[in-house]
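Comments concern the structure below.
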There are 2 protein chains.
Amino acid sequence: MPDTSDSPVTSDSPVTSDSPGTRDSVDDTRDAWATVRPELDTTAIAVLGRIHRLSRAVTLLSDALLEPFGIGRGEFDVLSVLRRSDSPVAATRLAHLLTVSNAAITKRMLRLEASGLAARQRSSHDKRVVLVDLTPAGRDLIDAALPAQLGLEAEIADVLGWGDRDATESALRRLLVEAERRLNA
Amino acid sequence: MPDTSDSPVTSDSPVTSDSPGTRDSVDDTRDAWATVRPELDTTAIAVLGRIHRLSRAVTLLSDALLEPFGIGRGEFDVLSVLRRSDSPVAATRLAHLLTVSNAAITKRMLRLEASGLAARQRSSHDKRVVLVDLTPAGRDLIDAALPAQLGLEAEIADVLGWGDRDATESALRRLLVEAERRLNA
DNA sequence: GCGGAATGTTTTACTGGTAAAATATACAGC
DNA sequence: GCTGTATATTTTACCAGTAAAACATTCCGC
């Protein structure tokens, strides 16, 4: 809850005046830097600072929608991958897809198994790998929980007009390709 | 490390064919949903799914750059707010600006005080509030750590052309205003 | 088909966050 | 100026993640 109206520093020189509409918390942050360290190039913050804040804010909002279903974000993410895969998924593959440690998958599976939403089974082909699959209850739950998740994000994304949405989407794709390239390097 | 080349599901029907260049992990995710639950509207993911993944990827990359300075993201964020504020900041205000709990600020301050980077002091006007300020060492450290952080983000943001950057920035601003509005509602 | 490197998972020890209770101070109305 | 309510911070108990060690299985070269 960053209180935007309550400026972090006496904002006298709006360096971020390129906003025709409303200002956001990142505008305030950049103005504050501009007064204290004017030589600093904060254009990076204009894009990625907003992305970080947006992700955090939306996560907080949508986590709340998960609560009535008795699962957390970690479990939801695992159930989602399983739901859109037609066959069981290896634990390590889950970890890669979700960019978390293998240990995190183990812990999430303990919770999901305890609540009967997913099951583990050692692969018969390769007894090192554990294959994970949805139970019927898990399938029901993810199908029930998904609409609210997608709905919230759709409502927020709707502040962008039709053309803007496509342009933004493609800009974000380019950024993501670059970030994932560096991460896998 | 989502391995994009290793598709989550046999991707036969590219519903996300609007990419002139490369595909990213979110394209794969949307295609997978389209095969399993074709009636589902996943346009929300196109924008916000990418934002979540981007934030996570960039955070992982830039956290690594913080390591040599002996601080974590939490401490870095506190030092940043302090550096761009000319005067001491109340603990609760830090919590609001960073969207974390008050308890998180207390814990971060314990670490920052232990390493001599910031100091706490009860306000004389209102003895309930704790005012936080940088030490000279803290100021030196944040000034030293900042360039790498901004540099990484600037490099990534540079995959966008000049015009695209401005358009993206303004789209993100609109999204952020909406998300923060809902969060503070 | 044996020994050693590689791979997949779980366990262990630890870290950084949260919510809610406890504590301390300020303020408002009488 | 006292009482009750609101506000600011810390403490407590807990939770979800990580890295690295431990363990199990497979694969490779001979």
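In the text below, chain A, chain B and the rest are named by the order of the sequence lines, each starting its count at 1.
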Rounded to whole Å, the CG-C1' distance (B/D77 to C/dG17) equals 13 Å
Quick one: label B/D126 by what it contacts on the DNA or RNA (base, sugar-phosphate, nothing), any heavy atom closer than 4.0 Å.
sugar-phosphate
Quickly work out the B/E113 CD to D/dT9 P distance and round it to whole Å.
13 Å
Can we say A/R23 and A/D31 salt-bridge, meaning some charged N sits less than 4.0 Å from an Asp/Glu carboxylate O?
yes
Length of the line joining A/E67:CD and D/dA16:P, which is rounded to integer Å
13 Å
Walking DNA chain D from its 5' end, the first of B/T92 and A/K127 to be reached, judged by nearest nucleotide, is B/T92
Under 4.5 Å between any side-chain heavy atoms of B/I51 and A/V58, yes or no?
no
Closest-nucleotide mapping onto DNA chain D: is A/G74 or B/M109 further toward the 5' terminus? I mean the 5' end.
B/M109
Whether B/R120 contacts D/dA8 is assessed here as follows: a side-chain N or O lying under 4.0 Å from the phosphate OP1 or OP2. Is that the case?
no
How many Å lie between CD1 on B/I105 and C1' on C/dT18, as a whole number?
13 Å
Nearest nucleotide by nearest heavy atom, which residue falls closer to the 5' end of DNA chain C, A/R56 or A/V129?
A/V129
Nearest-nucleotide wise, let me know which of A/V130 and A/K107 is further upstream toward the 5' end of DNA chain C.
A/V130
OP1 or OP2 of D/dG17 less than 4.0 angstrom from a side-chain nitrogen or oxygen of B/R73, does that happen here?
no
Does a side-chain heavy-atom distance below 4.5 Å link B/D158 with B/E155?
no
Here the distance between atom P of D/dT12 and atom CG of B/N102, to the nearest Å, is 17 Å
Rounded to whole Å, please give me the gap between CG in B/L94 and C1' in C/dG17.
16 Å
In this structure, how many angstroms lie between the C1' atom of D/dT18 and the CG atom of A/L98, rounded?
16 Å
Lys/Arg-Asp/Glu bridge criterion (N-O < 4.0 Å) met for A/R53, A/D24:
no
What's the closest nucleotide to the side chain of B/R111 if the choices are D/dT26, C/dT9, C/dG17?
C/dG17
In whole angstroms, the gap separating C1' of D/dT7 from CZ of B/R93 amounts to 16 Å
Return the nearest nucleotide to the side chain of A/A103; candidates are C/dT25, D/dA24, D/dA20.
D/dA20
Which one, C/dG16, C/dA24, C/dT7, comes nearest to the side chain of A/R128?
C/dT7
Is the distance from OP1 or OP2 of C/dG17 to the nearest side-chain N or O of B/R108 less than 4.0 Å?
yes
Taking A/D133 first and then A/R120, would you say they form a salt bridge - that is, a charged N and a carboxylate O separated by under 4.0 Å?
no
